[in-house]
Amino acid sequence: MAEKYDPNAVESKWQAFWEKSKLFKVKEDPEKEKYYLLEMFPYPSGKIHMGHVRNYTIGDVIARYKRMRGFNVLHPMGWDAFGMPAENAAIANKTHPAGWTYENIDTMRLQLKRLGFSYDWEREIATCTPEYYRWEQWLFVKMYEKGMAYRKESFVNWCDNCQTVLANEQVESGMCWRCSSQVRQKKLWQWFFRITDYAEDLLVYCDKLPGWPEKVTTMQKNWIGKSIGAEIRFPVDNSKESIAVFTTRQDTVFGATFMCLAPEHPLVISLSKGTPREKDVLEFVERMSGQDRSSRTLENYEKEGVFTGMYCINPLSGRRMPIYTANFALMEYGTGAVMSVPAHDQRDFDFAQKYGLDKVLVVKPYDKELDSNSMTEAYTGEGVLVNSGRFDGLENRKALDEIAEYLEEKNIGKKTVSFRLRDWGISRQRYWGTPIPMIHCKKCGMVPVPEKDLPVILPEDAALLEGGGSPLSTLDSFTRTVCPKCGSADAKRDTDTMDTFVESSWYFMRYCSPHFEDGIFDKNKVNYWMPVDQYIGGVEHAILHLLYSRYFTRVLKDLGLVEFKEPFDRLLTQGMVCKEIVTCPRHGFLFPEEVEETGADSVCKKCGSQVVVGRVEKMSKSKKNVIDPNILLEQYGADTTRLFCLFAAPPEKSLEWSDQGVEGGYRFLNRIWRFTWSCMDSIKDVEPFEGSPGELEGNVRELYVKIHQTIKKVSSDIEERFHFNTAISAVMELVNAMYAIDLKEKIDPAKAGVLKFAVQSVVLLLSPIVPHFAEELWKALGNETGILLTSWPSYREDAPVKMHSNLMTF
RNA sequence: GCGAGAGUGGUGGAACUGGUAGACACACUGGACUUAGGAUCCAGCUCCGGUUACGGAAUGGGAGUUCGACUCUCCCCUCUCGCACCA
């Protein structure tokens, strides 16, 4: 193997070597500093896509770099293997989800190996195996015992298409996050995790995660949504009832002129009962319950409501306020009741305009006069209180506190904090997931499956239903059981399975002792490896997965199983992989391979029409702007594929695919290859020059200085910012400088030494990025020790800092 | 509407704490080698004017701080992402 660079030959050779030598296998070593590098594990959907390639390439480069820096690197991989696509595919193909899943895992594992990623494959886990979910069930029981897991009947987001419940996090503007169909509300008994217990702590620690992108912590903060305000009770006129409201604007209580209850609010029905309004109210509530929460909350959605026929009394102003039920009041937030202050809240203003309700101005702006009859929109700014009794003249910001205290004194309200975050509903009426290890006994009620009976195996013979629905509930052999407490045969297993986000909330801990059988994980090993030093994945998990994982880590800490509460020290969210969309006027979206390049234009291979090259968007199968990694691997090999993914953009930015860019990367590797072989005979048996530049002269000296500058630049680009694109371009500069050396002229020993140093440096610096290529040349250059066991190169501190300086002196 | 980020040649992107704007690459142009090259090597390549020397303009637009601004401050425009009747 000399003249021509043959990536396939080089790569299969070194992949076989790595596999045999088990160099990526790690164990705890107290002598070495540990580094836990983790990439988000994939769902085994069938094949690896470019997003995976980018994500895992970034991770692999860091893992390999850290190893060369002497760290004990844990770099595991596994499969987020439960989930609905397996079930859907099984229904469509009349196969079993397990078969489909394991086949996909095999395919994808091969692809990952073909890309040369340095995983410790002995730690591989698949979350659909009983060895894994057994511990999830164990943890569920622990959580149940602590009251952290509980069951309640509640309205849930229901997707008719998927026939299952969705978490709030899985509803995107009224649509199912997975299939994009309308989500509606349904009342069901569901299991929940009490994540709200940790709302405050999760929020506070958002500011203690300096290694996370601010964008992500901001999104989490918004999601948790803490509001500071007050809860105030409004007595209902002619009744013993009172209505509690939550408000952040207790400074405007005197301006509250009516009350709005969510249609689901229990008082709506009871208050209107027997009044002439009853029929209208029932009709309204009925109509609203058919609509899903999210479409009811779209901005352009018209506010509407009906009068319940009853009044309540404003506890501060004494005003008699009509009680409405209104569509914009949400049962899930606060208390499900809103004190409406039309003069100072736009929603209340709109509602008051529509139904002819009074407005009372209570905050007077500093700079203008307002009149409640002529105002055209609510005034939400600051000002001085008016029409507010004893609080008149107070600045409204100060009044927030004073009024809250006054309410507490008079025992009609109290300061309160409200969170937008709600408990995590984890029940799914689906098959391919972890069974919830609970038994419903007629006599004892809810009984957890005892530890010795775990795991509750997901039965293989369940009949998947065409229209969805819960297959376990129809499987008598599964549901029928004996109560572990009283032995009664009148007991049934819970037939729900867990949300698949539960598996991914603790997999990073399991990797530390993946085959441990005496517990969820080996505590010592977890405490050695955790927390994850660097986590890498897509921003799409900014809220769901990352928040759940932070929550689980806290639960595990409170159970005494771990000693930390934040699982991920540093987080890198890599950008999307994009490509322009190509459409044919007759055939619609076209795959890249369906387009024929004909000179200046491109045409559709099917019909010959000229195609339209559209905007650059995230690669997606539906838009057909995808590149199959396999084609790249065949044509250019893993190293070029990896090189391009890193060179085209810094990791956190989106990457625009370019076939010519890939070609350029391939050329660059060939350029190094050719140079190395063209001077191989002169440098193979020479020691690299490592002396002072003062001993050299002319362009050889310049080259020598450049090598040191390059080592420094590449080291800092990788170490500090993961900016592989500039690291690569620095090496490209060095290679260009090498080409400036005349190899036809006689090569004296000094020159040979510098050339050897140059070539070896290039190879070492690129080795985390193009590992097979580097190994091959490293060995060809006469090095006995493999590159994996070689240290990262160091540079002379006395090398001039500036890269493009003409004054390259020491 | 709220929040975050971005805007630099024909294109992707450099310029880290203010100090030669456009590194590196893609595309393009020219040359060399050549039967040939879509391989390779060398060179050119922000825009305008000029044969050259050179001059002028330029980092979305406008102002400001500074000896000096892609970088800092303010206003405006555009785009991307996230949240969105949260009381």
Side-chain angles (χ1 to χ4, degrees), chain A residues 4 172-174 213-223 225-227 229-232 245-250 252 256 259-260 262 293-294 296-303 326-341 344-351 380 418-422 539-540 542-543 573 575-576 578 580 597 615-618 643-644 647-650 652-665 667-668 670-671 674-675 678 713 716-717 720-721 723 725-736 739-740 801-806:
Chain A
K4 196 166 179 307
E172 292 167 352
S173 55
E214 208 185 297
K215 176 191 167 92
V216 174
T217 47
T218 306
M219 278 165 75
Q220 293 211 349
K221 283 192 226 169
N222 291 341
W223 187 261
K226 179 180 181 177
S227 321
E231 200 173 299
I232 309 173
V245 303
F246 172 76
T247 181
T248 55
R249 290 298 304 273
Q250 60 271 23
T252 63
M259 174 68 71
C260 286
R293 172 167 56 236
S294 309
R296 214 170 86 197
T297 57
L298 285 179
E299 182 162 20
N300 51 10
Y301 205 79
E302 169 110 13
K303 288 168 191 46
N327 61 347
F328 67 87
L330 307 171
M331 195 57 217
E332 302 75 25
Y333 186 77
T335 60
V338 184
M339 66 165 207
S340 291
V341 186
H344 303 290
D345 181 286
Q346 193 55 43
R347 288 161 309 172
D348 299 342
F349 184 94
D350 295 342
F351 196 84
T380 54
S418 185
F419 291 94
R420 204 186 80 117
L421 182 72
R422 275 160 261 151
V539 229
E540 63 272 22
I543 299 174
T573 49
M576 300 177 295
C578 305
E580 71 277 8
E597 308 276 337
R615 42 186 281 156
V616 175
E617 281 188 46
K618 180 183 176 171
L643 180 69
F644 175 75
F647 182 61
E652 68 280 3
K653 288 228 258 172
S654 67
L655 180 156
E656 190 181 329
W657 194 262
S658 153
D659 294 333
Q660 284 152 338
V662 179
E663 195 77 46
R667 268 206 295 270
F668 172 58
N670 272 291
R671 210 164 134 80
R674 268 194 311 276
F675 185 89
S678 67
K713 167 90 174 138
S716 73
D717 280 351
E720 287 156 29
R721 304 193 299 166
H723 276 203
N725 57 332
T726 51
I728 293 166
S729 66
V731 179
M732 284 174 166
E733 279 191 60
L734 176 57
V735 172
N736 288 344
Y739 267 83
V801 183
K802 220 164 155 17
M803 280 293 281
H804 312 297
S805 173
N806 295 323

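FYI, side chains are in, hydrogens and waters are out, and symmetry mates aren't considered; it's all heavy atoms of this structure. Throughout, protein chains are lettered first and strands after them, A, B, ... in sequence-line order, and every chain is numbered starting at 1. Because the structure is predicted, anything quoted here is derived from the model rather than measured.
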Residues passing the side-chain contact (heavy atoms from CB on, under 4.5 Å) test with A337(A), sequence neighbours excluded, are I243(A), V245(A), M259(A), L261(A), H265(A), T335(A)
Sorted by chain and residue number, the side-chain contact (heavy atoms from CB on, under 4.5 Å) partners of S658(A) (sequence neighbours excluded) come out as F644(A), Q660(A)
When rounded to the nearest Å, what value does the distance between [atom1] atoms of [N] and [M] take?
N: G3(B); M: G12(B); atom1: C1'; value: 29 Å
N: U8(B); M: A14(B); atom1: C1'; value: 10 Å
N: A21(B); M: C70(B); atom1: P; value: 8 Å
N: G9(B); M: C24(B); atom1: C1'; value: 14 Å
N: A25(B); M: G62(B); atom1: C1'; value: 34 Å
N: A32(B); M: G68(B); atom1: P; value: 49 Å
N: U29(B); M: U46(B); atom1: C1'; value: 16 Å
N: U80(B); M: C26(B); atom1: C1'; value: 24 Å

Please give, in whole Å, the distance from [N] [atom2] to [X] [atom1]?
X: M219(A); N: A84(B); atom1: CE; atom2: C1'; value: 13 Å
X: K618(A); N: U80(B); atom1: NZ; atom2: C1'; value: 14 Å
X: R422(A); N: C86(B); atom1: CZ; atom2: C1'; value: 8 Å
X: L655(A); N: G12(B); atom1: CG; atom2: C1'; value: 9 Å
X: D659(A); N: A25(B); atom1: CG; atom2: C1'; value: 15 Å
X: Q220(A); N: A4(B); atom1: CD; atom2: C1'; value: 15 Å
X: L643(A); N: G13(B); atom1: CG; atom2: P; value: 16 Å
X: F647(A); N: G13(B); atom1: CZ; atom2: P; value: 11 Å

Q. How far apart are the C-alpha atoms of E652(A) and H723(A), what are their side-chain angles, what is the distance that settles it, and do they pass the side chain to side chain contact (heavy atoms under 4.5 Å, CB included) test?
A. CA-CA 9 Å; E652(A) 68 280 3; H723(A) 276 203; 3.4 Å; yes
- Query: With a 4.0 Å cut-off on heavy atoms, is S658(A) in touch with a base, just the backbone sugar-phosphate, or nothing at all?
  - Reply: nothing
Using a heavy-atom cut-off of 4.0 Å across all strands, would you classify G664(A) as base, sugar-phosphate, or nothing? sugar-phosphate
Note: for M576(A) and S654(A) on RNA chain B, the residue whose nearest nucleotide lies more 5' is S654(A)
The residue, G661(A) or M339(A), whose nearest nucleotide of RNA chain B is more 5′ is G661(A)
So, using side chain to side chain donor-acceptor pair (under 3.5 Å) as the criterion, who are the partners of [X] when residues are at least two apart?
X: D659(A); value: W657(A)
X: E540(A); value: none
X: S227(A); value: Y333(A)
X: Q346(A); value: D350(A)

Is the distance from OP1 or OP2 of [N] to the nearest side-chain N or O of [X] less than 4.0 Å?
X: R615(A); N: C79(B); result: no
X: S418(A); N: A87(B); result: no
X: R420(A); N: A84(B); result: yes
X: N725(A); N: C24(B); result: no

In this structure, CD1 of I232(A) is separated from OG1 of T247(A) (nearest 0.5 Å) by 6.0 Å
So CZ of F351(A) and SG of C260(A): to nearest 0.5 Å the spacing works out to 4.5 Å
Any chance you could lay out the side chain to side chain contact (heavy atoms under 4.5 Å, CB included) test for D348(A) and M339(A), step after step, and finish with the verdict? CA-CA 9 Å; D348(A) 299 342; M339(A) 66 165 207; over 6 Å; no
Ring pair (Phe, Tyr, Trp, His ring centres under 6.0 Å) filter on F246(A), not counting sequence neighbours, yields none
Residues at least two apart in sequence or cross-chain that pass ring pair (Phe, Tyr, Trp, His ring centres under 6.0 Å) with F675(A), listed by chain then number, are Y739(A)
For nucleotides 71-73 of chain B, tabulate all protein N/O to nucleotide N/O atom pairs closer than 3.5 Å, reporting atom names and distance.
none

Of the listed C86(B), G12(B), A4(B), the closest approach to the E656(A) side chain comes from G12(B)
Per atom distances to the S729(A) side chain, the nearest of C85(B), A23(B), A4(B) is A23(B)
Per the glycosidic torsion and the 90° limit around 0, nucleotide G9(B) is syn
Looking only at heavy atoms, the pair that brings T573(A) and P213(A) closest together is OG1-CG, 3.9 Å
Subject >> Test side chain to side chain contact (heavy atoms under 4.5 Å, CB included) applied to R671(A) and N736(A), step by step >> reply: CA-CA 9 Å; R671(A) 210 164 134 80; N736(A) 288 344; 2.7 Å; yes
The dot-bracket string of RNA chain B, counting Watson-Crick and G-U wobble pairs with both distances under 3.5 Å, using [ ] for crossing pairs and | for pairs to another strand, is (((((((..(((......[....))).(((((.......))))).((((....))))..(((((..]....))))))))))))....
Please enumerate all protein N or O atoms sitting under 3.5 Å from an N or O of nucleotides 39-44 of chain B, with distances to 0.1 Å.
{"residue": "U40(B)", "atom": "O3'", "partner": "R674(A)", "partner atom": "NH2", "Å": "3.0"}
{"residue": "C41(B)", "atom": "OP1", "partner": "R671(A)", "partner atom": "NH1", "Å": "2.9"}
{"residue": "C41(B)", "atom": "OP1", "partner": "R674(A)", "partner atom": "NH2", "Å": "3.1"}

For the pair E580(A) and V616(A), evaluate side chain to side chain contact (heavy atoms under 4.5 Å, CB included) and give the outcome as yes or no after the intermediate values.
-> CA-CA 4 Å; E580(A) 71 277 8; V616(A) 175; 4.2 Å; yes
| Below 4.5 Å, heavy atoms only, C-beta onward: do D345(A) and R249(A) meet side chain to side chain? | no
Detail all sub-3.5 Å separations between protein N/O atoms and N/O atoms belonging to nucleotides 15-19 of chain B.
{"residue": "A15(B)", "atom": "OP1", "partner": "R721(A)", "partner atom": "NH2", "Å": "2.8"}

